[in-house]
Structures are given as structure tokens and as C-alpha cells.
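In what follows, a structure is listed as C-alpha cells, so that the remarks can point back to it.
Just so you know, ligand 1 is whichever comes first in the structure, and atom 1 is the first atom listed for that ligand. Hydrogens, waters and symmetry mates play no part in the numbers below; they use all other heavy atoms, side chains included.
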Amino acid sequence: MNTLFSQLPSIDSLLREPALQTQLQQCGHRAVTKVLRQMQDEARATITQQGKLPIWHSDWPQQALAILARQQCSALQPVFNLTGTVLHTNLGRALVAEAAIDAVTASLSSAVTLEYALDDAGRGHRDRAIAALLCELTGAEDACIVNNNAAAVLLMLAALAPGKEVIVSRGELVEIGGAFRIPDVMRQAGCHLVEVGTTNRTHLKDYRQAISENSGLLMKVHTSNYQLQGFTKAVDEIELAGLGNEYQLPVITDLGSGSLIDLSQYGLPAEPMPQALIAAGVSLVSFSGDKLLGGPQAGIIVGKKALIAQLQQHPLKRALRVGKMTLAALEATLKLYRHPETLVQTLPTLRLLTRSQNDIAQQAERLLPPLRQSLGDRFTLEAVNCLSQIGSGSLPVDRLPSVAITFSPKDGRGSTLEALAQRWRQGSTPVIGRIQEGRLWLDLRCLEDEAHLIRMLAP
Ligand SMILES: *Cc1c(COP(=O)(O)O)cnc(C)c1O
């Protein structure tokens, strides 16, 4: 064992290795030394426990470089999203527009008028510019921006109905992924949930009968990730707003996705629009910035001036407010909606959602030859029609016709498929597909940089 220990190189000699000199310059002496010490500890443990040297003993510098490279890899690594889900929550949802990226860069590299009004040299309000834009686009009186839509719902409830009853239909007590459940948020906000109606049918009279002197709000929640079908009845916003008016109770709607344009004009499933609900008389509407809107993560609340003022003054607003990066990206994204004719080009989310199956099929035909050339000996490659999803709480039943390239292992083994998927996940730009029916599927809907993908898959 002592002879094994004596074979371990010294830190000093390793630090003089020519192969490590570039890393020493880039990462610094301290970081490289730390990695080398860890390697020495690991080597000693291997000797003590297994009576042999570690397998990488033949090339210490190479092993150190591999560890340093892993350490430098970002936790937010860019990947190819070929899962078939356009707004993929685990992959960061919407890709923002070029204009939004430029605006964020500008906001980060300079002092900005975040809470500073140039005209009177006093303190401005950080949501003000975006509130004006949102009012222009939705017809609302005012707006408030927070960290995400979950925060928006929490703030509306906590600020407008603390200790009071909030009346919601039993058909709308939703759970969105990631521990967002309406009854839980209600409790956190200090409100009492009053459920009305039944799972499949709720009538206006159900809400009316539940109203008492303890009522604080009437609430609607968009059932974004499921659909009630068959013998069903829900009360629409116009009716509920009428009832709210009658009893002087605000009506709020958690819209979830919420699109500022009519998606049916592109042949996409229609999603409710915030401006339609404002026009219907709803007091406050909340929706996400990074779902169909195609902007940064944010929660947007639009509606009545007096209620927005209550939200702005609530202590939770300070805790949930967004930073200048978010505001810059949101403002630039919203400005694109002033030119709806060009949105299909300028807004990546809409550009990807509206790609035709024909366009994607042509892309698949271009990709097949180079991919077959490098992988065709072990896999059968085919272009197959498939269905993409919008994702992030848009109806899972609404699918978009798309095309995937599928890879079936010629040896018929699942492990061959797993190995391929794993190799692609470990590339410098990982490629994320899905395994289904004994094949690996790459849905091409979200593929824009073809040449880059070919470099990753067929090096
Ligand atoms: C997505 C969604 C939320 C949560 O929004 P985040 O922006 O992810 O916080 C809340 N309610 C509904 C109806 C949703 O669809």
C-alpha cells in the first residue's frame, strides 16, 4: 500500500503540468489546486479501501480538466427542446423575443429609470410604464406586475379579502403543477374558501345563495389543464360580474395563460383573452408573462384602478415585486403586440406554435440524410407525423399537428435507445426528446437551428 501512496503525484508537480496551464490562467490557482487536492483525497481513499490506484491515475491532468469543465458548465444549460411541448415549464417556458433580450441587456449594463420619473425628478412607480402599456392593450384602468401568476393570485386574495370568504365554483378548484392548488393558496392568503355548485355544474344561483356579509370576493379560475365535458354548466364572467355589481363584490379571474391576441385566427385553439374579461366587467384578471404571452416569467394583474392601488400598497407587493430585467423584457414583449401583423415573426412562442406541419415535414426531409449517414447502421430513422402540445396550462386536449424524426434500434433493445438518449443529453448542447413505443422521438416543431442540431447528433 505504501508503494501505491508513493506513486501519487504532488500538487506542485501537477501545477507545473503543461496541460493545466491554460486552466490555471482561466480558473485561477486556488480553484485548480482545490480540484487537485480533492483528486488526491479520492486517490488515497481508493488505495485504502480497494488496495489499488484510481482508474484515472494514468492521466491526472486529463481528469482535472474534466472536473474543471463540469464545474464551469452553467446550471442553466441551453438545450434543444424537441419534446413536442412548446411552453415546457421544466425547460424554462417561453423563449423571449430579440427585442426583449436587447432590452434586458440594456437594463443590466446601465443605470435605468426604474423608480425615477425624469419629468418631476421624483420617485416614480416601478410598474408604471408597463401598466400604461397593459391598459392600452387590454382596456383595463391599471395594472400590477409580480413575480409569477401564482404570486398574482396570492396578492389579489391577501390584499382584497383577508379574513373574508371567497366564493369559487367546485368545478374550478384547480391544481396546477408544482404545488399550486387554489384551496392552499386561499389558506395562505388568509381567506376562507366557500365552494359552490357541483364538480360538473355550477349555476348563478349557487353563487348568489353563498353571498353573505362575510363575502369578500367572487372568483373564477380558468381550468387551464383539464376540461369538463358532457353534462356541464359554468357561469361566465359577464353573469358573474353582474352579480358582483349587484352586491358590491369584486370579481377576480385567475386566467393562467391568457393570450392578448385571438389565437383562433392562426388555427390554434382559442384561449380566453384578458381584454375580453375586462370588457365583460371583471374587476381584476391575472395571467402569466411566460405562457402564451411569450415574455419573461411574471404575474400580470389588470383591472380596476382602486383595486390595483390596494395591491400596490400591500406589504406582499414589496416581497413579490419584479426586478428591472423582468420589467425590461416584459415592456419590450408587450410593445410587439402593438403590431399584431408581425407578431408571428417577432414573437418566438407564436412563431413556433404556428409552424405548419408541411414546413416541419420539409425540415425533417432535410435532416434525414445526414442523420441516416451517421446513425443509420444502428437505427432505423423515419419522419413520422405526430402531435405537439402548447404546454403550461393550455388545454392538453388541443394538439398541434407536427412531424418527428424517430429512431428505432436495429437490435430492438431498449438499452440501445437509452444509451442514445443519454449520449444526446450529455452533449455540449443537450438534445431532449422523448422515448415512446420503443422509439426515440425528436419533435421538430421547436427546432430553429438545423445546422447546430446536425453537429450535435451526427458529429
Ligand atoms: C399556470 C397557472 C398558474 C400559475 O402561474 P405561474 O405563472 O406558473 O405562477 C395559476 N393559475 C392557472 C389557472 C394557471 O394556468
Side-chain angles (χ1 to χ4, degrees), residues 85-96 130 134 143-158 166 168-189 191 193 202 217-228 234 236-237 240 251-260 263 268-274 276-277 282 284-303 311 316-317 319-323 325-327 329-330 333-334 349 353 389-398:
T85 301
V86 178
L87 296 170
H88 197 300
T89 297
N90 299 347
L91 297 179
R93 290 195 187 158
L95 308 181
V96 302
I130 286 143
L134 281 164
C144 173
I145 318 294
V146 286
N147 184 52
N148 53 23
N149 186 43
V153 175
L154 181 69
L155 179 60
M156 290 193 294
L157 293 170
V166 178
V168 189
S169 159
R170 287 201 168 88
E172 298 175 3
L173 296 175
V174 307
E175 171 180 315
I176 309 295
F180 178 90
R181 309 171 103 194
I182 290 294
D184 298 342
V185 178
M186 205 64 85
R187 206 170 307 122
Q188 284 298 319
C191 305
L193 171 64
T202 302
L217 289 172
L218 302 176
M219 182 177 189
K220 268 194 78 74
V221 184
H222 181 49
T223 56
S224 36
N225 54 3
Y226 68 103
Q227 200 173 39
L228 285 177
D236 68 24
E237 275 80 2
L240 206 59
V251 176
I252 66 171
T253 298
D254 169 14
L255 204 47
S257 218
S259 175
L260 289 178
L263 293 178
L268 292 169
E271 272 286 322
M273 296 193 286
L277 301 193
V282 171
L284 293 179
V285 182
S286 81
F287 52 102
S288 293
D290 56 353
K291 291 185 180 173
L292 286 171
L293 188 78
Q297 179 188 305
I300 298 167
I301 308 164
V302 293
L311 304 189
L316 259 186
K317 170 67 199 324
L320 301 175
R321 76 182 187 187
V322 296
M325 275 195 275
T326 303
L327 290 171
L330 195 54
T333 305
L334 289 169
T349 301
L353 288 175
Q389 298 187 345
I390 296 177
S392 277
S394 288
L395 283 179
V397 290
D398 292 316

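Atoms of ligand 1 found under 4.0 Å from any heavy atom of Asp254 (numbered from 1 in listed order, with element): 10 (C), 11 (N), 12 (C), 13 (C). Listed by number with element, the atoms of ligand 1 under 4.0 angstrom from any heavy atom of Phe180 are 10 (C), 11 (N). Within ligand 1, counting atoms from 1 as listed, the ones closer than 4.0 Å to a heavy atom of Ser288 are 5 (O), 6 (P), 7 (O). When each atom of ligand 1 is checked for a heavy atom of His222 under 4.0 Å away, the hits are 13 (C). Proximity to Lys291 (heavy-atom distance under 4.0 Å) selects the following atoms of ligand 1: 1 (C), 2 (C), 3 (C), 5 (O), 14 (C), 15 (O).
Listed by chain and number, the residues in a salt bridge (Lys or Arg N to Asp or Glu O under 4.0 Å) with Glu237 amount to none (sequence neighbours excluded). With sequence neighbours left out, Asn90 forms a side chain to side chain donor-acceptor pair (under 3.5 Å) with no residue at all.
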Open item on the list: For Val153 and Met219: C-alpha separation, side-chain torsions, deciding distance, then whether side chain to side chain contact (heavy atoms under 4.5 Å, CB included) applies.
Closed with: CA-CA 10 Å; Val153 175; Met219 182 177 189; 3.9 Å; yes

Open item on the list: As a quick check of understanding, evaluate side chain to side chain contact (heavy atoms under 4.5 Å, CB included) for Glu172 and Thr202, giving each step before the final call.
Closed with: CA-CA 10 Å; Glu172 298 175 3; Thr202 302; over 6 Å; no

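Where the criterion is an N or O separation shorter than 3.5 Å, residue side chain and backbone included, Ala150 meets it with respect to ligand 1. Geometrically, ligand 1 and Asp290 share no nitrogen or oxygen pair separated by less than 3.5 Å. Among the atoms of Ser224, some N or O lies under 3.5 angstrom from an N or O of ligand 1. When only interatomic distances are considered, the shortest N/O to N/O separation between Ser257 and ligand 1 does not fall below 3.5 Å.
Within the structure, the closest approach of Val174 to ligand 1 does not fall below 4.0 Å when heavy atoms are considered.
Contacts between Arg93 and ligand 1 below 4.0 angstrom, taking non-hydrogen atoms only, involve the side chain exclusively. With a 4.0 Å heavy-atom cut-off, ligand 1 is reached by the side chain of Ile176 but not by its N, CA, C or O.
Using a 4.5 Å cut-off on side-chain heavy atoms (C-beta onward), Val146 and Leu311 make no contact.
Taken from CG in Asp184 to CG in Leu193, the straight-line distance is 10.0 Å, to the nearest 0.5 Å.
Proximity of a side-chain donor or acceptor of Asn149 to a complementary backbone N or O of Ala152 within less than 3.5 Å is not detected. Without hydrogens or angle criteria, Ser169 side chain to Gly171 main chain gives a donor-acceptor distance under 3.5 Å.
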